[in-house]
Amino acid sequence: MNAQICAAIRSRAIVELYYEGGKRRVEPHCHGISMAGKEVLRAFQTAGFSESGQPVGWKLFEVAKIISFSQTGATFLNNRQEYNPNDHGMRRIHCRV
């Protein structure tokens, strides 16, 4: 899935993914290894399911928990506010916008 994630990030694709109980729509910004050693995706969620009750905002998704991942055909133009390309939640970055 890493190649799919990096391709979506490079093309600024809006993505739908199924994660922990529901479908979410996200703008993927950064993919890498977390401080805990897990593959993760930092994305801005714009719609969909949220366990926390916050369906909009910055989220860190564990790649192993993503059930499905598909580009919607739409893209986003600009990085979201508060985006940090040197994400401090990651010890190694594979790809980023």
Side-chain angles (χ1 to χ4, degrees):
M1 185 175 297
N2 292 349
Q4 284 181 294
I5 292 170
C6 285
I9 288 171
R10 278 192 301 276
S11 63
R12 294 180 171 267
I14 296 173
V15 171
E16 283 189 350
L17 53 90
Y18 191 89
Y19 186 85
E20 292 194 333
K23 189 185 272 188
R24 302 159 188 250
R25 184 173 284 242
V26 303
E27 297 172 358
H29 279 67
C30 190
H31 170 51
I33 305 292
S34 73
M35 296 307 217
K38 297 181 180 188
E39 294 277 341
V40 291
L41 168 64
R42 176 78 67 191
F44 190 87
Q45 183 171 332
T46 59
F49 178 78
S50 173
E51 259 186 336
S52 69
Q54 304 277 330
V56 175
W58 285 106
K59 308 281 175 105
L60 187 64
F61 300 99
E62 284 186 42
V63 173
K65 294 180 180 180
I66 297 174
I67 304 298
S68 66
F69 184 94
S70 61
Q71 295 186 28
T72 63
T75 58
F76 61 99
L77 297 176
N78 300 310
N79 296 345
R80 290 285 177 161
Q81 266 189 317
E82 300 173 4
Y83 169 61
N84 179 1
N86 299 312
D87 195 310
H88 296 293
M90 296 185 198
R91 68 175 173 200
R92 186 170 67 225
I93 294 174
H94 299 316
C95 55
R96 59 184 157 211
V97 291

Cluster link [X] to [Y], ILVMFWY, side chain under 4.5 Å:
X	Y	result
V40	F69	no
W58	M90	no
L60	V63	no

Ignoring hydrogens, what is the shortest heavy-atom contact between [X] and [Y]? Give both atom names and the distance.
X	Y	answer
P55	G48	CB-O, 3.3 Å
V15	A8	CG2-CB, 3.8 Å
P28	L41	CB-CD1, 3.8 Å

Donor-acceptor pair, R96 side chain versus P85 backbone, under 3.5 Å?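 Pair found, side chain donor or acceptor close to backbone of P85.
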Spell out, as yes or no, whether a donor-acceptor pair under 3.5 Å connects the side chain of Q45 to the backbone of F49.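 Side chain of Q45 to backbone of F49, a donor-acceptor pair under 3.5 Å: yes, one is there.
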Where at least one partner belongs to residues 60-74, residue pairs that pass side chain to side chain donor-acceptor pair (under 3.5 Å), sequence neighbours excluded: E20-K65
Which side chain to side chain donor-acceptor pair (under 3.5 Å) pairs, counting each pair once, include a residue from residues 4-14, with sequence neighbours left out? R12-N79
Atom [atom1] in [X], atom [atom2] in [Y]: separation rounded to 0.5 Å?
X	Y	atom1	atom2	result
F44	Y83	CZ	OH	14.0 Å
H94	I5	NE2	CD1	8.5 Å
H29	N84	NE2	CG	11.5 Å
K23	I67	NZ	CD1	13.5 Å

Considering residues at least two apart in sequence or located in another chain, which fulfil the side-chain hydrogen bond (donor to acceptor under 3.5 Å, both in side chains) criterion with S50? S52, K59
With R25 via salt bridge (charged side-chain N to carboxylate O under 4.0 Å, His left out) - residues at least two apart: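 Checked R25 against salt bridge (charged side-chain N to carboxylate O under 4.0 Å, His left out); matches are E16.
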Taking salt bridge (charged side-chain N to carboxylate O under 4.0 Å, His left out) as the test, write out the residues that go with E27, two or more places apart.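 Result, salt bridge (charged side-chain N to carboxylate O under 4.0 Å, His left out) vs E27: R80.
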Any side-chain heavy atom of [X] within less than 4.5 Å of one from [Y]?
X	Y	answer
Y18	R24	no
I33	I93	no
V26	L17	yes
T46	F76	no

In short, disulfide (SG to SG under 2.5 Å) pairs touching residues 1-35 with sequence neighbours left out are C6-C95
F61 and H31 aromatic centres sub-6.0 Å: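 Distance test on ring centres: not under 6.0 Å, no.
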